[in-house]
Protein chains: 2
Amino acid sequence: MAAPTKTKADPQSTRDRILDHSVQLASAEGLESLTIGRLATDLGLSKSGLFGHFGSKEELQLATIDLGSEIFARTVIVPALGEPAGAPRLSKLIYNFLDYLEQSTFEGGCFWGSVSAEFDNRPGPIRDSIQQKLGHWLDVLREQAAAAGAEDPEQMTFELHSIVQGANSAYQLFGDPEVFNRARVTLARMLPDG
Amino acid sequence: MAAPTKTKADPQSTRDRILDHSVQLASAEGLESLTIGRLATDLGLSKSGLFGHFGSKEELQLATIDLGSEIFARTVIVPALGEPAGAPRLSKLIYNFLDYLEQSTFEGGCFWGSVSAEFDNRPGPIRDSIQQKLGHWLDVLREQAAAAGAEDPEQMTFELHSIVQGANSAYQLFGDPEVFNRARVTLARMLPDG
DNA sequence: AATAAGAACGAACGATCGTTCGTATAGCGG
DNA sequence: CCGCTATACGAACGATCGTTCGTTCTTATT
């Protein structure tokens with residue numbers, strides 16, 4: 001019985017297919033334009049069938065944030081853990097971040113860039129989740145800045161993150177890929193190992 | 001006949017009242033959550049009455065961008081024109097920008113920060129307008145960077161704008177006003193006159 | 001073979017969306 | 001005083017929103 005039995009042993013569950021599409025859509029058009037009807041149409045499902053996998057729209061949005069965050073971690077953070085702590089790992093983290101933008105891992109650029117501006121000012125579980133997960137990324141950055149001997153790790157974290165996000169939004173709005181190289185110039189000046 | 005005649009000679013026209021509210025709402029929750037019904041309820045108007053002032057939702061959104069852009073220019077750009085071109089004016093522009101954020105001119109922080117991330121990836125007149133008006137701000141910045149003798153004005157523009165926007169989004173999401181001082185530290189290092 | 005569990009469906013709900021229409025009211029120019 | 005224009009209104013439109021419900025079908029367990 002090697003052949004998949006159609007439902008249970010699917011290589012990718014329906015829920016995963018939904019979230020894969022959902023995370024791309026959210027990065028491109030925001031978490032609010034994730035409508036159940038549109039997702040269902042795009043994936044050839046019924047609204048009620050899709051809905052049943054989550055139970056509410058908010059659950060769908062939270063699950064989407066979870067996946068977006070996981071993809072970010074897998075693409076940017078994990079591959080940097082092979083580097084020694086401190087300056088080398090810090091550099092790798094930042095340049096991975098830039099690569100992830102440049103390679104358009106998400107249709108709409110940085111997942112955080114799209115989603116955090118949207119829920120900045122709307123208290124609730126969604127904002128809380130974004131705060132916590134994006135905060136974790138900043139924690140990782142700050143730890144490595146500290147290990148690299150930065151005199152003010154918090155300051156350095158702010159600067160590095162701002163430059164990368166600046167490159168993202170400039171690229172998204174104006175479409176000039178040259179901003180990534182501009183960001184590299186600035187980052188090389190900021191990072192402890194040049 | 002000095003007394004206002006209730007409709008024509010209003011100190012503030014209904015249209016202006018709508019847009020004043022609309023621009024605040026857009027900065028806080030985005031241009032898409034500007035619903036006609038909600039605006040009408042908030043302002044004590046009927047949906048159709050409010051609608052008549054614009055003719056379509058897109059016109060309302062474009063008018064909102066116009067006003068947001070105008071307020072930005074009035075708050076950040078104009079007061080810097082008193083400074084001599086070059087380094088002094090460049091500094092004034094940037095620090096005005098920071099002040100405008102810190103004083104919460106808009107409920108949702110920087111108008112551009114809220115609105116540009118939202119329409120990054122949606123071609124159409126709204127994105128075009130944001131591109132053009134935000135582009136004008138970057139032009140102003142680049143001109144002054146050039147006049148200040150920066151060796152790469154485009155690079156400097158990118159860096160300055162990224163840091164200020166980074167402060168905005170960090171403040172919006174995490175609420176710590178200390179980021180503005182962090183931004184000042186970085187900007188002082190970047191600006192030609194320290 | 002009987003049963004329980006899960007996935008997906010279609011139909012329908014009340015609410016809200018943007019928009020259209022016809023109408024009433026007001027102020028202004030002739 | 002009459003008509004014009006602008007302002008605002010209420011009612012209604014079709015579409016879509018998130019959500020609920022009951023049903024069918026498949027798969028897994030007993």
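Naming: A, B, ... by sequence-line order, numbering from 1 per chain.
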If I take atom [atom1] in residue [X] and atom [atom2] in nucleotide [N], what distance separates them, rounded to the nearest angstrom?
| X | N | atom1 | atom2 | answer |
| --- | --- | --- | --- | --- |
| A:Ile18 | C:dA7 | CD1 | C1' | 11 Å |
| B:Glu59 | C:dG18 | CD | P | 15 Å |
| A:Leu50 | C:dA8 | CG | C1' | 11 Å |
| A:Phe54 | C:dA8 | CZ | P | 11 Å |
| B:Leu45 | D:dG10 | CG | P | 10 Å |
| A:Phe51 | C:dA11 | CZ | P | 19 Å |
| A:Arg15 | C:dG6 | CZ | C1' | 14 Å |

Report all interatomic pairs (protein N or O, nucleotide N or O of nucleotides 15-17 of chain D) with separations under 3.5 Å.
unit_1, atom_1, unit_2, atom_2, d
D:dC17, OP1, A:Thr35, OG1, 2.9

Would you kindly say whether [X] and [Y] are connected by a side-chain donor-acceptor distance under 3.5 Å?
| X | Y | result |
| --- | --- | --- |
| A:Asp120 | B:Ser169 | no |
| B:Gln165 | A:Ser162 | no |
| B:Asn96 | B:Thr75 | no |

Here the gap from B:Thr64 atom OG1 to B:Glu58 atom CD, rounded to the nearest 0.5 Å, amounts to 12.0 Å
Check your understanding: What nucleotide, of C:dA8, D:dC9, D:dT19, holds the atom closest to the side chain of A:His53?
Key ->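 Out of C:dA8, D:dC9, D:dT19, the nucleotide with an atom closest to A:His53's side chain is C:dA8.
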Picking from D:dC9, C:dT20, C:dG10, the nucleotide nearest the side-chain atoms of A:Ser48 would be C:dG10
Relative to each other, are the rings of A:Phe180 and A:Tyr171 parallel, tilted or perpendicular (30° and 60° limits)? tilted
- Kindly assign one of parallel, tilted or perpendicular to the pair B:Phe106 and B:Phe111, based on the angle between their ring planes and the thresholds 30° and 60°.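 Aromatic pair B:Phe106/B:Phe111 classed tilted.
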